[in-house]
Amino acid sequence: MSGLLPRLQDGWRRATWVDVFLVALRLLVLGIVGYGFVAGLLHPRYGRDEWASFLVFGLVIGAIYALIALGYTMVYGILRMVNFAHGDVFMFGAYAACFTLIACNRNGLLATQPALSFALALLACMLVAAGLAILAERIAYRPFRRGRAMAPLISTLGLSFVLEYSARGMFGAQNKAFPSFPAIDGAVLVFGLSIPRVQLIVMLAAVLTMLVLTLVVMRTRMGTAMRAVAEDQDAAILMGINVDRVIVFTFALGGALAGVAGLLYGLVFKQISFFMGFFLGVKGFGAAVLGGIGNIPGAMLGGFSLGLVESLGPALFLEGIGVAAPYQLRDAIAYTMLVMVLIFRPRGLLGERLAVKRA
Amino acid sequence: MTELLRAAGVSKRFGGLLAVDRVSLAMAPGAIHAVIGPNGAGKTTLFNCLTSFTPPSAGEIWLQGARIDGLRPDLVAARGIARTYQNIRLFPDLTALENIMVGLGVRRPETLLGALLATPAHRATVAAVEARARALLLDLGLGGRGDRLARHLSYGDQRRLEIARALSVQPVLLLLDEPAAGMNPVESHAMMELIARIRDEHGVGILLIEHQMRVVMGISEQIHVLDHGVCIAAGTPAQIRADPAVIAAYLGARAAKHGMDALEKRA
Amino acid sequence: MTILSSVLPRRLTALALAAGLLAGPAGLARAETLGPVTDPVGVVRIPRGAPILIGGLMVLSGPDLSLGLDASRGAEIAFDDRRNVLVGHPIRYLPEDGQCSVEGGQTGATRLAANRQIVGVIGTACSSEARGGAPILWNAGMPQAVTSATAPALTAPDRPVGLQGTVRFVYNDINAAAAAVRYAQAQTFTRVATLHDGSLYAEQLVRAFEAQFKAAGGTIVAAEAVAASDSDLRPVLTRIGTAKPELIFAPIFVGATAYLVRQAKEIGSLAGTPVLGTDAVMAPAFLEAAGDAAIGYRMTGINNDPAVLGQRYVDFRAKYLAKFGENPIGGFHGNGYDAALAMMLAIERVAVKDAEGNTYIGRAALRDALMRTAGLDGITGRLSCDPHGDCGASRFAVFEYTSGDPGSFQEGKNPRRVFQ
Amino acid sequence: MTLPARLEPLALARDATRLALAVTGACAGLVLVGLFGQFSNRWLVVGLLDIGHALMLAIALRAGMVAARGQSWAGAVPRALLCGALAGVLVVLLVMAARVANLRWMLVSLTPVTLNRVGYMLPEQQAMLLLAAGGAAAALLGTALVLLPPKARRLLMGALLGVVLAGLLRELIRSLLSGLGEIDGWAFSYDGLLPAGAMAAAGIGALAAARPGARHFAALPSRARLALQLLCLALLLLLPAVTNDFVAQVMMLVCLYTLMGLGLNVELGLAGLVDLGFVAFFAVGAYTVALLTAETAGVAHLGFFAALPFSVLFAALAGFLFGLPVLRVRGDYLAIATLGLGEVIRVLVLSDMLKPLLGGAQGIVDIPKPALFGVILGSPTRLFYLTAAFAALAGYCAWRLQHSGIGRRWLAVREDEDVAQALGINLVQVKLMAYTIGAAFAGLAGGLFAAMAGSVFPQSFQLLVSVNVLAVLVVGGIGSLPGVVVGAAALIGAPEVLRDLGEHRYLIYGLVIIAIVRFKPEGLSPAAIRQREVA
Amino acid sequence: MSSLQVEELCVAYGKIQALRGISLQVPSGRICALVGANGAGKTTALNAICGLRPLVGGRVLLDGRDIAAVPPHDRVTLGLVQVPEGRRIFGRLTVAENLAMGAFRRRAMRSELQADLDEVLTLFPRLRERMAQLSGTLSGGEQQMLAMGRAMMAKPSLLLLDEPSMGLAPRLVDQIFETVTAINRLGVTVLLVEQNAFMALEIAETAYVLQSGEVVLSGTGAALIDSEAVQEAYLG
């Protein structure tokens with residue numbers, strides 16, 4: 001690049017002590033990561049199978065993060081607001097799927113018609129979650145459409161409490177076992193690695209869902225309208241688009257995806273609880289921001305990267321340093337990565353640069 | 001006499017769009033210049049380059065002999081450039097007085113400890129700042145409105161308050177972005193007089209963007225006409241008024257002939 | 001002493017305090033004589049016909065509520081079993097939320113302590129609650145029957161004054177860890193991995209186990225930890241797998257253990273490795289969460305005489321389901337029941353009635369009676385207290401689940417005893 | 001617009017049915033989430049009304065208010081009566097349906113006992129009649145609340161509120177009044193408020209609502225009013241001393257959150273920096289005091305007052321070091337970045353890695369209570385005064401800062417970063433100062449917390465704390481100093497006082513947050529400057 | 001084809017009166033121009049007509065019917081379509097998608113939409129070759145064409161054009177104005193807001209000159225072209 005040298009000179013002219021600090025910070029983090037990585041390589045603890053397992057685990061949990069992140073990102077894309085209750089929408093989706101499957105199990109449908117049961121559960125979780133997401137829009141967003149950003153944030157926070165403890169009151173405080181699905185038990189051999197079938201199915205289902213979403217957003221009338229509203233609400237109104245309806249649709253779509261995530265979560269982890277929405281919601285939010293909030297492919301990328309970092313990170317970076325119980329620190333690794341990405345790429349991995357014209 | 005401001009070949013590119021294209025201008029201390037041009041001609045972008053809000057892609061900007069392009073905006077302000085905005089950008093939830101005290105405070109910073117303990121030195125500073133702020137308000141015809149929230153001031157008052165706030169940082173160069181926008185002729189005239197008075201009393205150079213030609217022609221010593229980012233003409237009001245390129249830019253290319261005819265008729 | 005005269009000095013002290021004169025330190029309630037009873041700590045007078053108040057201090061909300069709410073419900077059933085009547089007075093049970101934190105325990109305890117009519121408290125559920133709450137409660141002369149706070153420090157011989165009102169109806173970490181070590185040795189395991197979830201309880205147990213196991217000549221091949229909110233334990237299990245342990249000691253709670261046993265089955269290298277936990281998981285709730293993956297899972301538990309169990313627990317569960325609409329949600333409902341039972345029995349032993357039918361209970365006497373609980377046939381087993389207030393039986397056995405059906409839960413059969 | 005007369009009954013029936021359905025839905029929700037089940041065996045007024053049914057009646061009352069909207073007496077009364085009665089019948093029908101359908105495998109709160117309690121254990125027809133009558137009466141009351149002349153409305157409202165408050169806050173009231181004489185027996189029993197007490201409470205409520213002194217108060221010179229207000233404040237401060245330790249404990253928590261709220265207010269309210277990792281600085285402060293004072297930690301064994309400055313200092317330092325890189329991030333991105341930092345700190349504190357220093361999950365115990373001139377500040381009351389003193393100090397600092405040039409610069413940056421920068425304000429410096437000062441306040445709160453708790457555990461430093469502080473701020477009114485106190489009292493104090501809610505605490509907490517934000521989006525006590533302008 | 005009647009329109013931004021009671025008549029099938037300097041209130045007037053700005057006073061009548069109760073997005077189905085200032089195309093959508101958004105409210109047969117699309121592409125042949133391109137990457141002139149084409153896909157009977165020539169090279173300006181007359185010939189009433197006054201006045205049958213939120217002059221386009229008042233309005 002020909003402009004590099006002048007840019008460097010220019011940069012030096014403008015550098016402040018903050019920049020120096022940031023460079024030092026970057027070097028420090030890179031140094032720790034690099035040291036841990038190299039030291040880990042020198043004393044290999046894991047074989048090929050373990051690494052492959054880490055990869056698969058990361059992709060599976062990443063797929064669930066990604067599905068949750070999509071809901072955050074779509075709503076943010078349109079309203080520039082964060083929906084704290086989204087994690088609980090996910091939780092309700094999981095409960096809906098769980099109870100549908102239990103009902104199927106009670107009348108024997110689960111054993112005789114596994115595909116139908118699955119379809120019913122899918123339908124139930126998507127409907128319930130979409131319905132709750134619409135409720136969230138009604139209660140926590142519509143009244144504040146033109147207000148300050150803090151009010152909807154806090155009101156969705158309140159809604160999150162309400163949903164969580166309603167679920168506790170309605171469904172009980174115990175960990176609920178997700179009905180087992182004999183049809184998808186067992187493992188398959190992929191490239192000589194034994195991978196549980198359910199994980200393959202979940203990954204597949206997640207990818208399929210994302211494909212469907214992409215099709216909906218990219219190919220349908222409503223999806224195009226969503227993108228149009230996200231970009232310019234007034235211009236969309238001038239095209240006759242009912243912005244309110246598009247927003248409701250967006251919430252419903254995000255909710256449905258969270259519902260699917262709930263079902264898949266249940267299939268993989270086989271138990272659900274009223275409290276799980278909070279943690280997974282925060283992670284999903286993190287994944288959305290990591291990818292660049294408001295950006296749909298970004299949410300997917302963010303979800304998978306977060307999942308992979310959580311599953312691979314401790315083995316990759318902390319193993320070599322000799323930290324005690326590295327997997328206890330995986331949230332710390334995940335959040336550190338998130339913070340680092342935000343510091344050095346303030347709009348996330350795929351986020352756009354600051355809007356060009358402001359004044 | 002050194003130049004107050006010199007811009008040489010300033011360009012600003014946004015993606016594929018060249019919003020400002022090699023614009024040069026020079027101002028003497030205490031001069032009043034105007035930048036005019038149709039919507040989207042790059043006038044505000046030029047202001048943004050001068051204040052470093054969006055640093056220019058190319059070119060150099062010198063203020064009183066020191067190079068300032070690419071400097072952090074607050075440092076540019078410290079060197080003595082202050083501005084107002086096309087769509088008024090006051091601090092709406094601060095009072096008029098506080099709006100001005102923000103600007104004054106930058107030049108007379110308070111210490112944390114002083115503020116916490118209310119030391120005599122601190123109280124003296126505060127008193128001085130407040131007195132100065134009230135004087136500025138009075139000066140711009142806003143006396144008695146100091147304790148009202150900026151958002152609740154009338155439009156004309158908001159415009160004047162914005163100018164007062166810009167003056168509070170004791171600039172050597174004041175950039176005014178459409179100071180008379182949305183005003184009726186009487187108000188515009190008053191604004192024109194105010195601008196001239198500010199120049200005389202505060203000794204600042206003034207560069208303004210304005211669409212109301214009455215204002216521009218009335219007070220500017222030099223006018224720069226921008227079209228598509230290019231400076232297509234520069235000169236005294238009389239020169240500009242007669243420049244066919246200017247008329248073409250404003251009224252439409254094909255109508256330039258008409259415009260000339262009309263002008264000639266009037267002349 | 002009338003209420004008026006007991007309150008006035010307090011108010012005067014308070015006013016003096018407000019004026020800036022800080023009075024002397026508050027100590028234990030002073031010796032008191034009321035009616036026929038004299039007690040070094042204080043006496044509660046329950047007028048004829050008035051209810052007898054028993055407090056509760058357990059986590060009832062937030063992520064840990066399955067510890068406390070479960071125990072609190074167990075206590076409620078114990079009161080129900082007595083038709084809510086004790087020494088001729090109706091029982092009023094006043095549960096407070098300790099939020100499984102120091103500050104929550106403190107706030108809940110202050111609220112209970114403010115109600116001078118409360119004779120004793122069921123709880124705490126978490127050791128951190130006990131840290132915050134126990135001194136306040138005992139300062140007010142209220143002994144506590146602990147349901148699931150297992151930190152050894154709570155009943156250590158040299159415990160501070162504030163903890164001396166604490167009587168524990170759950171096992172003590174050191175004993176449970178010792179039982180686990182004995183089991184590992186008996187199985188001639190030398191390579192053991194440990195796992196905790198960052199909770200006070202699990203971390204403490206793991207550390208106690210590690211120390212004792214190493215002292216006995218064993219090797220800890222992996223000492224791992226996860227976050228309490230983790231549901232994906234497979235990466236950490238993979239890591240444990242590379243150390244090739246013969247046993248995984250993971251004394252974590254119902255939800256996390258269910259994740260653990262399910263996911264351990266998915267890790268090839270851990271397919272045959274047994275997992276050992278504690279009493280906390282000896283509950284149908286665990287089978288409900290873990291299903292068939294529970295089969296083969298082992299835990300340390302009180303070594304009960306089958307005669308004291310059996311039908312009683314089945315009845316208990318039916319009552320729980322009828323009253324609360326769900327099966328027991330955690331592993332400490334039995335401890336809650338037993339703590340309440342012990343409290344009631346202790347009250348009965350020390351309560352004195354006067355001629356008008358008023359009842360008097362000495363606070364120190366109640367604590368001592370609680371501490372002298374012996375041979376109590378509870379839901380969790382036959383309980384006898386040691387001199388320091390540890391009443392969770394110190395005789396341990398190891399149990400193993402044989403079926404994943406929650407309906408088949410019956411101590412002795414599923415889980416069955418595999419070692420004692 | 002007037003409808004043809006024959007359509008009137010139809011519109012009436014439609015309105016009433018719609019409302020009745022809404023009421024039924026709300027009541028069903030009450031039962032489903034278990035609120036009814038828990039509260040139906042607690043009396044609001046002993047022998048007359050339990051809290052569970054009181055909640056149902058409140059819903060019907062609200063429906064009556066809605067029914068009266070835009071109506072005259074003639075239109076409203078039949079609507080209300082019909083709606084209330086219909087809802088009563090529907091609720092009983094739902095109960096019958098629930099018995100038949102038996103969904104207990106899914107919905108755990110539908111226990112037979114609870115279902116029976118809905119209808120007061122009566123046979124179905126009688127239950128229907130009773131609930132219908134109750135619903136109609138409550139709806140009628142709601143209608144009356146809207147349509148009565150203002151003065152009568154105020155009286156009625158006051159009486160109702162009086163009873164409800166007396167019923168819910170009975171323990172607080174009893175402990176407050178216990179000094180005045182024997183009120184147990186006629187006003188309160190162990191089960192709650194007695195009918196006679198309820199009458200008295202209604203009378204007092206109505207009297208308070210009539211506000212006989214309001215006009216005199218308004219007529220007082222401003223100086224006297226200020227003095228009166230200060231007197232009220234002083235009385236409030238005396239409350240813990242004259243009541244009991246529980247009140248002191250709750251007020252101390254309120255003060256602690258006020259302290260944190262003041263810190264976050266500097267960051268968010270003044271400088272506009274959204275911070276969801278605020279708890280990190282709180283933790284730094286708490287652990288500093290713990291490490292420096294605890295006998296078990298073995299670092300320094302300082303006294304509390306010697307250690308406290310360090311906790312402020314270290315928290316401020318942490319704020320500075322975090323702020324430096326993170327403050328380049330804007331808006332919602334800043335929220336998640338700070339959230340991440342907070343979580344990283346919590347995980348590290350908890351970790352086995354740092355266990356040798358910080359104790360891991362076992363935390364640090366045996367932190368001595370503060371001692372001032374040889375007096376040990378051990379009781380909640382004394383700790384309350386200590387915390388209140390520091391909160392007042394912090395409040396004074398915050399007030400000084402807000403009204404200084406520094407505060408104005410923060411406000412300018414919050415209102416418009418670009419313009420502030422163009423005025424010569426160094427954004428990095430100004431934001432960093434806000435962040436550091438906010439962190440220092442949190443550190444102070446943390447230090448006090450450690451002393452109050454006597455031990456610190458990582459579990460006390462959850463994300464929820466940051467979120468609560470944020471909610472305190474928003475509920476109180478962002479940028480308003482009195483708002484912080486009001487918000488802390490509303491969100492931290494009120495739930496503690498209403499501890500009877502037990503396991504449903506967070507459910508109610510969430511509902512209250514939604515309601516406050518919905519109906520008072522500027523907060524309960526918005527920034528003074530706005531009030532001044534409005535007046 | 002629709003007629004538009006605006007009576008005593010008043011709009012305010014907070015305390016600032018942006019329109020102080022303007023009245024306009026746009027007869028069916030005609031081109032009407034609204035000219036004036038920056039800040040005169042032209043764009044505000046269009047936004048008020050479309051319902052994007054609440055009215056403080058006055059009425060907007062479309063074909064004689066008061067449309068105050070019609071929400072802005074439903075005004076499109078009445079045939080009232082605006083091409084906003086600065087084009088406001090959806091830059092992250094393709095050209096084809098942008099055009100499809102224009103037809104968002106139409107429940108027409110696929111074949112009918114295709115026919116309309118063909119018609120629009122005949123008006124703007126440049127767009128045909130760029131159908132799959134992200135519209136944010138188009139040049140300024142192409143974006144203007146797209147904005148107009150998008151509006152045409154809504155089958156307007158009254159088209160409001162806000163500064164279609166802004167920021168365009170003179171050659172393109174000519175082209176745009178030719179298209180405007182072509183659109184008008186297709187039977188669409190046009191209300192044209194322009195800074196490029198002479199150009200607008202040349203093609204407009206009637207015109208209004210706006211200054212500081214008031215109509216200061218009106219008449220036929222041809223009559224206004226030579227008036228000094230227009231000059232005055234621009235060059236002071």
Side-chain angles (χ1 to χ4, degrees), chain B residues 47-48 51-54 72-85 88-95 97-118 122-123 125-126 129-130 147-152 162 165-166 168-171 175, chain D residues 266 269-272 312 316 320 328 393-434 436-437 440-441 477-480 522 526-535:
Chain B
F47 266 31
N48 287 342
T51 56
S52 243
F53 178 68
T54 52
R72 229 175 41 220
D74 51 305
L75 298 177
V76 171
R79 293 275 169 94
I81 297 187
R83 70 173 290 187
T84 67
Y85 299 83
I88 304 173
R89 286 173 81 172
L90 288 165
F91 303 123
D93 284 341
L94 267 58
T95 62
L97 194 68
E98 286 169 338
N99 262 282
I100 296 180
M101 286 170 79
V102 167
L104 288 170
V106 171
R107 283 290 161 103
R108 309 178 104 162
E110 303 166 12
T111 62
L112 187 59
L113 217 59
L116 283 179
L117 301 178
H122 171 260
R123 265 180 296 183
T125 314
V126 171
V129 164
E130 190 173 333
D147 292 327
R148 298 185 54 186
L149 286 193
R151 65 160 73 232
H152 292 154
E162 215 188 11
R165 186 182 63 183
S168 71
V169 302
Q170 297 159 26
L175 308 182
Chain D
V266 170
L270 302 186
V312 176
F320 182 79
R328 305 195 327 157
L393 180 69
Y396 173 76
C397 289
W399 179 77
R400 287 291 323 167
L401 284 174
Q402 187 167 357
H403 294 91
S404 72
I406 296 165
R408 273 194 301 276
R409 259 176 276 169
W410 286 333
L411 288 176
V413 169
R414 180 192 74 185
E415 304 257 304
D416 196 328
E417 251 180 49
D418 301 330
V419 173
Q421 198 177 21
L423 281 176
I425 290 176
N426 183 342
L427 291 183
V428 173
Q429 187 196 334
V430 165
K431 285 183 178 181
L432 207 53
M433 193 191 266
T436 308
I437 291 176
F441 279 33
I478 290 180
S480 142
E522 294 290 339
I529 197 150
R530 283 177 212 206
Q531 287 175 330
R532 189 199 327 158
E533 267 298 312
V534 170

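By convention in this document, chain letters (A, B, ...) are assigned in the order of the sequence lines, proteins followed by strands, and residues within each chain are numbered from 1.
- Chain B forms the most heavy-atom pairs under 4.5 Å with one residue out of D:L401, D:L411, D:I425, and that residue is D:I425.
- At a cut-off of 3.5 Å, with distance as the only test, a side-chain donor of B:R83 or B:N48 sits close to an acceptor on the other residue.
- Residues D:Q421 and B:R72 meet the side-chain proximity criterion, which asks for heavy atoms closer than 4.5 Å.
- If you measure heavy-atom distances from B:P92 to chain D, the contacts under 4.5 Å come from both the backbone and the side chain.
- If you measure heavy-atom distances from B:V169 to chain D, the contacts under 4.5 Å come from the side chain alone.
- You'll find the side chain of B:Y85 stays beyond 4.5 Å of the side chain of D:D416, heavy atoms only.
- Applying side-chain contact (heavy atoms from CB on, under 4.5 Å) to D:L423 and the options B:V102, B:D74, B:N99 leaves one that passes, B:V102.
- Of the two parts of B:R79, neither the backbone nor the side chain holds a non-hydrogen atom closer than 4.5 Å to a non-hydrogen atom of chain D.
- The backbone N or O of B:V106 sits nowhere less than 3.5 Å from a side-chain atom of D:R409 that would complete a donor-acceptor pair.
- For a residue to count as touching a neighbouring chain, one of its non-hydrogen atoms must lie under 4.5 Å from one of that chain's; by this rule B:T111 touches chain D with the backbone only.
- With a 4.5 Å cut-off on non-hydrogen atoms, B:L112 touches chain D through its backbone and its side chain both.
- Cation-pi geometry between B:R165 and B:F91 is met: under 6.0 angstrom from the ring centre, within 45 degrees of the axis.
- Top candidate by heavy-atom pairs under 4.5 Å with chain D, chosen from B:A115, B:G114, B:A78, is B:A115.
- Contact tally against chain B (heavy-atom pairs below 4.5 Å) for D:A398, D:C397, D:A412, D:S404: the top residue is D:A412.
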